[in-house]
Amino acid sequence: MNLTIFNTLTGKKEEFKPLNPPSVGLYVCGPTVYGDPHLGHARPAITFDLLFRLLKYSGYKVRYVRNITDVGHMESDADEGEDKIAKKARLEQLEPMEVVQHYTIRYHDAMRLLNVLPPSIEPRASGHIIEQIELVKRILQNGYAYESNGSIYFDVEKYHKKYNYGKLSGRVIEDMMSGNRELEGQDEKRNSIDFALWKRATPEHIMRWPSPWGDGFPGWHVECSAMSTKYLGEPFDIHGGGMDLLFPHHECEIAQSVAAGGKEAVRYWMHNNMITINGQKMGKSLGNFITLEELFTGNHKMLDEAYSPMTIRFFILQAHYRSTLDFSNEALQAAGKGLNRLMAAFKLIDRIKPSDKSTVDVNDLSERAFAALYDDMNSPIAIAVLFDWVRIINSAAEGKESMTQSDLKSLKDTFRALTVDILGLQDDADEGSKYAELTGSLIEMILAMRQQAKESKDFATSDRLRDQLTQLGIKIKDRKDGADWEL
RNA sequence: GGUCUCGUGGCCGAGUGGCUAGGCAGAGGUCUGCAAAACCUCGUACAGCGGUUCGAUUCCGCUCGAGACCUCCA
């Protein structure tokens, strides 16, 4: 089975062929840690977590690099533009690195709850200033950058004479130059479309590093170019990120790599789409975002209730990563219920009594679900196939379908591989703690008492036990020979 | 203004030139001491108008609507 992925560079689905199998290099743009992680951050994290898991499951040895941007970006082209992290630090009277540390931990906590696997390497921009300076030097040496008042800018026009600036995002450089707006503080640049590789730090700028051009800080796009190739080599296999980074960020990354080394660094570019809220992109600049913590606690005026991390994960996985996904309470609630049904069926497999022969073809699940996943990670279809099997499992538990012992084992293994290993779903109720085990045992004990009452037709007692359990949030599902429960 | 994307049944969301997506919600039924769950059946969705075609939700054009990028953004 071959994996195809949609390559933004060619605009087509392509068969994925790693440069050095079985190794795969994967780089994804990580968060800028100056604010709480929000629902938007969950999308690329989960999208590329799925890719990471799928590649590993397929036998690849993946080095997954996801950076932490702790140097911050300029707020504008203007000279008085200020490093965002520095600004926030001043406002809160904290050291910049204190802010960075705080939000990095918050991000990691949220990712862990979402069951997003940690990347193999998580490099920080601030820890790679030297590499970034070296990259800028090479671009300067090759003549594709110029110094201006202590800052270094990339010469887009010169670069475009030989190469193609805009090939990733489909921009036409001539249009961009003709339609240039008069922005303040542009005088340092030769051309409005030039971008900064290194910025001189003003005296009040607290995040600063020495460089051959004086004290300053790296430009917007150099960190990813420097760190991706440092850890993955040049070229490397896959570079991912949100669609909003396509231009200028990734376009500039290509230009930087080519200008520095004469060749492109990335073979497959992958971009996840945005999460929208009331049809509009969720983003910090629009102020319409919901943080992950707010989602998990339900503490936000737009939220009807709290949504578990797994509900969020499932919600995101139910849409294809290249489609926009619209947030709503109704959609989240639907995802939560669907997830419960899926996980309940998974557990139910153990209760199915083996038969002499099977009335269903268990290979169907793995064939169709993996075909979907290998087709540009079509998780919604894979999930739809899983739901087909939820129905079959439920029918089998009622004796309407039958499966042999080995088919049951195969089904369980496949179901687990898909839901747990690849989609990364886990049962919210499965705390795994001593208390959870104890609670489970206690509930089983009460249910046994209720079963006794039922057998002696003491329905008053059996109903009372059920009602009281229901009041505690424990849902009872009677079966022929006992009862299931879930929280 | 420039570049581009999208518009699917109550909601979310796949997909395809002719054949059931799936989930949630809703209706009816089966099962059950009751309830819940589960299972079965159901809604003749594909923005509008033209065109291509034997046939279009799927291809082309136009109209309307929504959105993204062009500035930090996942």
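Because only heavy atoms are used, hydrogens play no part in the values below, and waters and symmetry mates are left out as well, while side chains stay in. Source: prediction; values computed, not measured. Chain letters run A, B, ... following the sequence lines, proteins first, then strands; residues in each count from 1.
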Rounded off to whole Å, could you give me the [atom1]-to-[atom2] distance for the [X] and [N] pair?
X: A/N273; N: B/rC69; atom1: CG; atom2: P; result: 10 Å
X: A/K167; N: B/rC4; atom1: NZ; atom2: C1'; result: 19 Å
X: A/N278; N: B/rC12; atom1: CG; atom2: C1'; result: 14 Å
X: A/L418; N: B/rG22; atom1: CG; atom2: C1'; result: 15 Å
X: A/D326; N: B/rG7; atom1: CG; atom2: P; result: 13 Å
X: A/I277; N: B/rA68; atom1: CD1; atom2: P; result: 13 Å
X: A/D388; N: B/rU20; atom1: CG; atom2: C1'; result: 10 Å
X: A/L246; N: B/rA68; atom1: CG; atom2: C1'; result: 11 Å

Using the [atom1] atom as the reference point in each nucleotide, state the distance between [N] and [M] in Å, no decimals.
N: B/rG7; M: B/rU58; atom1: C1'; answer: 14 Å
N: B/rA38; M: B/rG23; atom1: P; answer: 11 Å
N: B/rC60; M: B/rU20; atom1: P; answer: 25 Å
N: B/rU8; M: B/rU57; atom1: C1'; answer: 8 Å
N: B/rC64; M: B/rA47; atom1: C1'; answer: 8 Å
N: B/rG15; M: B/rG29; atom1: P; answer: 37 Å
N: B/rC70; M: B/rU63; atom1: C1'; answer: 26 Å
N: B/rG9; M: B/rA45; atom1: P; answer: 10 Å

Choosing from [options], which nucleotide comes nearest the side chain of [X]?
X: A/Q280; options: B/rC12, B/rG67, B/rC73; result: B/rG67
X: A/D244; options: B/rC73, B/rC12, B/rG2; result: B/rC73
X: A/E330; options: B/rC69, B/rG13, B/rG10; result: B/rG10

Could you check whether [X] makes a cation-pi contact with [Y], meaning its NZ or CZ is under 6.0 Å from the centre of the six-membered ring and within 45° of the ring axis?
X: A/R171; Y: A/F247; result: yes
X: A/K412; Y: A/F346; result: yes
X: A/R322; Y: A/F6; result: yes

Under 4.0 angstrom, heavy atoms only, what part of the nucleic acid is [X] near: base, sugar-phosphate, or nothing?
X: A/A384; value: base
X: A/S462; value: base
X: A/M243; value: nothing
X: A/L325; value: sugar-phosphate
X: A/G338; value: sugar-phosphate
X: A/Q333; value: nothing

Ring geometry between A/H239 and A/H250 (parallel below 30°, tilted from 30 to 60°, perpendicular above 60°):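 Geometry flag for A/H239 against A/H250: perpendicular rings.
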
Parallel, tilted or perpendicular: rings of A/Y107 and A/H41 (30°, 60°):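 Ring orientation of A/H41 relative to A/Y107: perpendicular.
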
Ionic contact status for A/D109 with A/R112, cut-off 4.0 Å: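 Yes, A/R112 and A/D109 are salt-bridged.
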
salt_bridge(A/E14, A/K12) N-O dist < 4.0 Å: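 Salt bridge flag = no for A/K12 with A/E14.
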
Using purine N1 to pyrimidine N3 plus N6-O4 or O6-N4 for Watson-Crick, or N1-O2 and O6-N3 for G-U wobble, both under 3.5 Å, which nucleotide pairs with [N]?
N: B/rC6; answer: B/rG65
N: B/rA38; answer: B/rU30
N: B/rG1; answer: B/rC70

Phosphate OP1/OP2 of B/rG23: any A/K337 side-chain N/O under 4.0 Å: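 Checking B/rG23 against A/K337, no side-chain N or O comes under 4.0 Å of OP1 or OP2.
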
Distance in Å, A/L54 CG paired with A/S379 OG, rounded so as to fall on 0.5 Å steps: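 Separation between the atoms: 10.5 Å.
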
Most 5' of A/R322 and A/F387 on RNA chain B, judged by nearest nucleotide: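 Closer to the 5' end of RNA chain B: A/R322.
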
Of A/I392 and A/A460, the one whose closest RNA chain B nucleotide lies more 5':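 Upstream on the strand: A/A460.
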
Donor-acceptor pair between A/E294 and A/H38 side chains, under 3.5 angstrom: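 Distance-only check fails for A/E294 and A/H38.
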
Distance-only donor-acceptor check, side chains A/N273 and A/T324, under 3.5 Å: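 Result is no, nothing qualifies.
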
Pull out every protein N or O sitting under 3.5 Å from an N or O of nucleotides 35-38 of chain B, one pair per line with the distance.
{"from": "B/rA35", "atom 1": "N6", "to": "A/D478", "atom 2": "OD2", "distance (Å)": "3.1"}
{"from": "B/rA35", "atom 1": "N1", "to": "A/D478", "atom 2": "OD2", "distance (Å)": "3.4"}
{"from": "B/rA35", "atom 1": "N3", "to": "A/R466", "atom 2": "NH1", "distance (Å)": "2.9"}
{"from": "B/rA36", "atom 1": "N1", "to": "A/D478", "atom 2": "O", "distance (Å)": "3.3"}
{"from": "B/rA38", "atom 1": "O3'", "to": "A/N394", "atom 2": "ND2", "distance (Å)": "3.0"}
{"from": "B/rA38", "atom 1": "O2'", "to": "A/E398", "atom 2": "OE2", "distance (Å)": "2.9"}

N/O to N/O distances under 3.5 Å, protein versus nucleotides 15-19 of chain B:
{"from": "B/rG15", "atom 1": "OP1", "to": "A/N378", "atom 2": "ND2", "distance (Å)": "3.2"}

A/E251 (side chain) donor-acceptor with A/K167 (main chain) under 3.5 angstrom: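 Yes, the answer is positive, given that a donor and an acceptor are paired below the 3.5 Å cut-off.
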
Verdict with supporting geometry, A/D467 and A/R464, salt bridge (Lys or Arg N to Asp or Glu O under 4.0 Å): CA-CA 5 Å; A/D467 292 346; A/R464 200 182 69 236; over 6 Å; no

